[in-house]
Every structure is written in C-alpha cells, then in structure tokens.
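Heads up, the thing below is written out as structure tokens.
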Amino acid sequence: MQLQQNSMFEMMEREDFEQIVFFQDSHSGLKAIVVIHDTTLGPALGGTRMWNYGNEIEALRDVMRLARAMTFKAAAAGLNFGGGKGVIIGDPKRDKNEVLLRSYGRFVQSLGGRYITAEDAGTTLEDMRILMSETEYVTGVNLDPSPFTAYGVYCGIKACLEYVFGDGNVEGIHVAVQGVGKVGSELVKLLIENGAKVTVTDVDTERIKEAINLGAEYVDPGKIYSVECDVFSPCALGGVINDSTVRRLRCSIVAGAANNQLENGSMGDKLSSLGILYAPDYIINAGGLITVAREYECARRCETLNEHEIYREVRKIGERLKEVFRLSEEIVNSSGKRISTVKAADIFAMRRIDGIRCLRRIYLPH
Ligand code: NAD
C-alpha cells in the first residue's frame with residue numbers, strides 16, 4: 001500500500017473503506033486507529049490488536065487489511081455485522097495498563113456503536129473487561145471462543161472429507177495438525193475422540209506433551225508439511241502455504257484454523273492445480289466470530305447466552321463450505337477453468353453484501 005500526497009481517499013475508495021479514525025491521548029500515551037470497512041450488514045465487529053509496529057504506516061496497513069477481512073468473514077458466516085478492526089500501537093508487555101485501556105474504551109464508546117471490539121493478538125479477555133467500564137461496545141468477555149473455533153474447524157474437515165471422499169466420517173482418517181495451542185489442542189481432542197489418527201507439531205514442548213497424552217504422534221515443525229495424510233490442518237501461523245511448502249504437501253485437503261494461511265492469492269490456484277481441496281480460512285475458522293457476535297446480541301437483548309445454540313450455529317460452517325465448493329465448480333474463469341475455492345469464498349461473501357445493498361437501493365427512499 002503506497003501512501004502519497006492526496007492518496008488517502010483514493011486508497012479508501014479502491015477497497016471501499018467507510019471510515020478511518022485516529023486517536024491519541026497524551027495523558028495515557030494511547031495511539032490507536034480504528035478502521036471501519038463496511039457496515040452494510042450491521043455495525044463493524046472485529047478485535048483490537050496491540051502491537052509494537054515499526055511505524056504508523058505499517059499499523060495503518062495492517063488494520064485496514066484486517067478490517068476488510070472481517071467484512072468478508074462476518075458476511076460469509078451469515079452474521080448481521082460488518083467488518084472493522086482496531087489497533088493500539090505499542091508493546092503489550094511494556095505499554096499496556098488500565099489507564100491506556102480505559103482511554104481506548106472511551107474512544108470506542110465515542111464511535112457510538114459503529115464499531116464493536118473484542119480481544120485479539122496482544123489483548124486479553126481481562127483487557128476487554130477493563131474496556132467494559134468505559135464502553136458498551138465490547139464483546140467476548142464471557143465465553144472463550146477457541147473451543148467453538150475448533151468445533152467449526154472439525155465440522156469443516158468433515159464437510160471436506162464428504163466432498164472429496166463421499167464420506168464425512170473421520171474414523172481412520174489421518175490429520176496433520178500444525179500448532180496445538182488453544183484451537184489446535186481442542187481440535188486434536190475432537191479428532192481423536194472420533195477415531196482419527198493425528199500427527200501434531202508445535203514449538204512449545206508443553207503443548208506437544210499434552211497432545212501426545214491425548215494419543216497424537218509428533219513430528220518436528222519442519223516435517224509437518226510432508227506428512228502423508230488426508231488432511232493438513234494449519235492451526236498456528238499465517239502464510240504457511242507458500243512456494244516452498246506447497247510442493248511438499250502430501251494431503252488431499254488443507255483445512256485449519258489459522259488466519260491468512262495462504263501467503264498470497266495465487267496459492268489458492270496452485271492448490272487447485274495440485275488437486276488439493278482448500279477450505280478457505282475465513283469460512284472454516286468463523287466459530288470464534290460467531291460466538292462473540294452471539295454474545296453481543298444476547299447482551300443487547302438481555303438474553304442468557306445459550307452455548308448449545310452457538311454450537312448449532314457453528315455446525316453450519318460445514319454446509320457453508322460445501323456451498324463454496326459448489327460455487328467454485330459452477331464459475332469458470334476466462335481460461336475456462338473452475339475458479340479456486342478462495343475466489344469462490346469471496347464471491348459467496350460479496351453476494352450477501354451486494355444483495356442487501358441492492359434491497360436498500362430498491363426500498364429505501366432517496
Ligand atoms: P495459540 O497461540 O493458542 O496457538 C498457536 C500454537 O502454534 C502455539 O501452541 C504455538 O506454540 C504454535 N506455533 C507457533 N509457531 C509455530 C510453528 N512455527 N510451528 C508449529 N507450531 C507453532 O493460538 P490459537 O488461538 O490456537 O489460534 C491459532 C490460529 O488460529 C491463529 O492463526 C489464530 O489467528 C487463528 N484463529 C484463532 C481463533 C480463536 O478462536 N482462538 C479464531 C479464528 C482464528
């Protein structure tokens with residue numbers, strides 16, 4: 001993203017960003033940016049990341065990219081929320097304190113509900129509870145979203161198996177899980193409970209021990225890509241499917257929780273050409289977003305949060321993925337080839353947003 005003279009609005013227009021808000025408070029040292037990408041479906045929902053960015057442009061670039069991704073994720077998940085994201089510039093270990101967080105809470109409150117925040121990298125559930133003393137526009141303070149994300153990934157893997165092998169049963173299926181943190185460890189539990197063979201990797205020895213105790217096998221981090229398996233499940237970092245790793249994959253399906261698994265868009269086409277089915281990350285890992293969205297809606301309506309209902313919602317991720325796969329078969333590109341599941345996911349999400357925009361144009365008075 002190039003930022004030049006008079007280029008700010010041009011840059012916003014290019015990807016249809018609605019609003020960028022900068023906030024500084026010299027008393028608390030807060031420097032924060034909130035980006036609201038799109039509110040067609042409802043108020044923008046997305047976590048607040050606290051990160052020691054190298055410079056302000058880097059922070060702006062990151063928050064814009066993340067906010068836009070939230071629009072697609074919420075739309076595809078069938079939620080009535082738009083996409084937004086917040087960043088606090090600073091080192092969470094060194095710079096985070098109650099004064100700074102409360103200052104950020106007042107900033108979020110001043111946006112009047114156009115942006116609703118939650119935890120993200122560098123912020124915690126405890127931080128969200130502090131924000132609550134200053135703003136009503138915060139969620140994800142009661143339920144840990146990770147088990148719901150893991151359940152959504154599990155349902156997604158079953159949908160992928162059904163699509164590829166005609167049977168969604170995980171019994172006897174071999175899954176290689178990269179990263180057994182909050183989401184990966186819950187996924188491993190579900191897979192092993194249901195009869196799958198699981199190979200894991202991680203860089204944290206405690207996490208590895210826990211997974212082995214559950215019945216998983218272990219390989220070194222560098223070897224996970226070449227494990228002969230049915231499903232490779234990235235649950236650690238972004239960018240793991242790239243030019244150097246894609247050639248090493250020995251699986252039929254890539255389906256995991258990590259955000260931004262593909263280093264770039266062309267990796268979606270590369271996976272298709274290798275005959276590997278890719279479950280687009282923002283569709284399969286939406287369980288956590290569905291959870292925080294439901295928590296917010298329940299709090300607004302003074303209703304009790306019902307975990308069973310959330311699990312029912314999250315289970316729909318499987319059907320949603322199958323719709324995306326069907327779409328990728330139906331639409332062909334200019335060279336007559338079916339489009340990748342990555343492109344199909346974007347079309348799936350945009351159709352919902354465009355549908356509502358169209359309705360508004362027809363029914364709302366000018
Ligand atoms: P986490 O930090 O609890 O777990 C990540 C695990 O990956 C850790 O155990 C870490 O040691 C391991 N890891 C780091 N580098 C590694 C490497 N090079 N090789 C192997 N393992 C490595 O995070 P999480 O909450 O479980 O989230 C995992 C991924 O899923 C992240 O990309 C996150 O953005 C995404 N995600 C999480 C949620 C959620 O509800 N927690 C929701 C949507 C997406």
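As the structure lists them, so they are numbered: ligands from 1, and atoms in each ligand from 1.
Near Gly181, with a cut-off below 4.0 Å to any heavy atom, the atoms of ligand 1 are 3 (O), 4 (O), 6 (C), 9 (O), 26 (O). Close approach to Asp204 involves these atoms of ligand 1, each under 4.0 Å from a residue heavy atom: 11 (O). When each atom of ligand 1 is checked for a heavy atom of Thr149 under 4.0 Å away, the hits are 38 (C), 39 (C), 40 (O), 42 (C), 43 (C). With ligand atoms numbered from 1 in the order given, ligand 1 contributes 29 (C), 30 (O), 32 (O), 35 (C) to contacts under 4.0 Å with heavy atoms of Ala258.
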Apply salt bridge (charged side-chain N to carboxylate O under 4.0 Å, His left out) to residues Lys209 and Glu206 and explain how you reach the verdict.
CA-CA 5 Å; Lys209 273 190 216 152; Glu206 278 310 306; 3.3 Å; yes

Determine whether Arg248 and Ser226 satisfy the following criterion, side-chain hydrogen bond (donor to acceptor under 3.5 Å, both in side chains), listing intermediate values before the conclusion.
CA-CA 5 Å; Arg248 289 152 62 194; Ser226 42; 5.1 Å; no

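Closest protein heavy atom to atom 33 (C) of ligand 1: Asn259 ND2, 4.0 Å. Closest to atom 3 (O) of ligand 1, if we only count protein heavy atoms, is Lys182 N, 2.9 Å. Protein heavy atom closest to atom 14 (C) of ligand 1, with residue, atom name and distance, is Val203 CG2, 3.8 Å. In this structure, atom 30 (O) of ligand 1 lies nearest to the protein heavy atom Ala257 O, 3.3 Å.
At least one N/O-N/O distance between Val183 and ligand 1 falls below 3.5 Å. For a threshold of 3.5 Å applied to N or O pairs, the pair formed by Thr201 and ligand 1 contains no separation below that value. Note: no N/O pair closer than 3.5 Å links Pro221 and ligand 1 by distance alone. No N or O atom of Gln178 sits closer than 3.5 Å to an N or O atom of ligand 1. Any N or O atom pair closer than 3.5 Å counts here, and Lys73 shares no such pair with ligand 1. Remark: ligand 1 and Leu237 share no N or O pair separated by less than 3.5 Å (distance only, no angle test).
Salt-bridge annotation for Arg326 and Glu330: absent, with no side-chain N of the basic residue lying under 4.0 Å from a carboxylate O of the acidic one. One finds a salt bridge joining Lys322 and Glu319 here, because a Lys/Arg side-chain nitrogen approaches an Asp/Glu carboxylate oxygen to under 4.0 Å. For the pair Arg106 and Glu134, the salt-bridge criterion is met [side-chain N within less than 4.0 Å of a carboxylate O].
Of all the listed residues (Ile284, Asn285, Asp281), Asn285 holds the heavy atom that lies closest to atom 43 (C) of ligand 1. When the heavy-atom distances from atom 21 (N) of ligand 1 to Leu289, Asp202, Ile208 are ranked, the shortest goes to Asp202. Among Ser146, Ala236, Ala121, the residue whose heavy atom lies nearest to atom 41 (N) of ligand 1 is Ser146.
Heavy atoms of Cys235 found under 4.0 angstrom from ligand 1 belong exclusively to the backbone. At a heavy-atom distance under 4.0 Å, only side-chain atoms of Arg207, from C-beta outward, approach ligand 1.
Side-chain contact check for Asn242 and Thr245: at least one donor-acceptor pair (N or O, by modelled atom type) lies under 3.5 Å. Side-chain contact, Asp127 with Tyr104: no donor N or O sits under 3.5 Å from an acceptor N or O. Looking only at atom types and distance, the side chain of Ser185 has no donor-acceptor partner in the side chain of Glu210 under 3.5 Å away. One side chain, Asn285 or Lys73, offers a donor N or O that lies under 3.5 Å from an acceptor on the other.
The aromatic rings of Phe72 and His37 sit parallel to each other, their planes meeting at less than 30°, with 60° as the upper class boundary.
Aromatic pair Tyr225/Phe232: centroids less than 6.0 angstrom apart.
The hydrophobic clustering, which links ILVMFWY residues whose side-chain heavy atoms are closer than 4.5 Å, places Tyr53 and Phe22 together.
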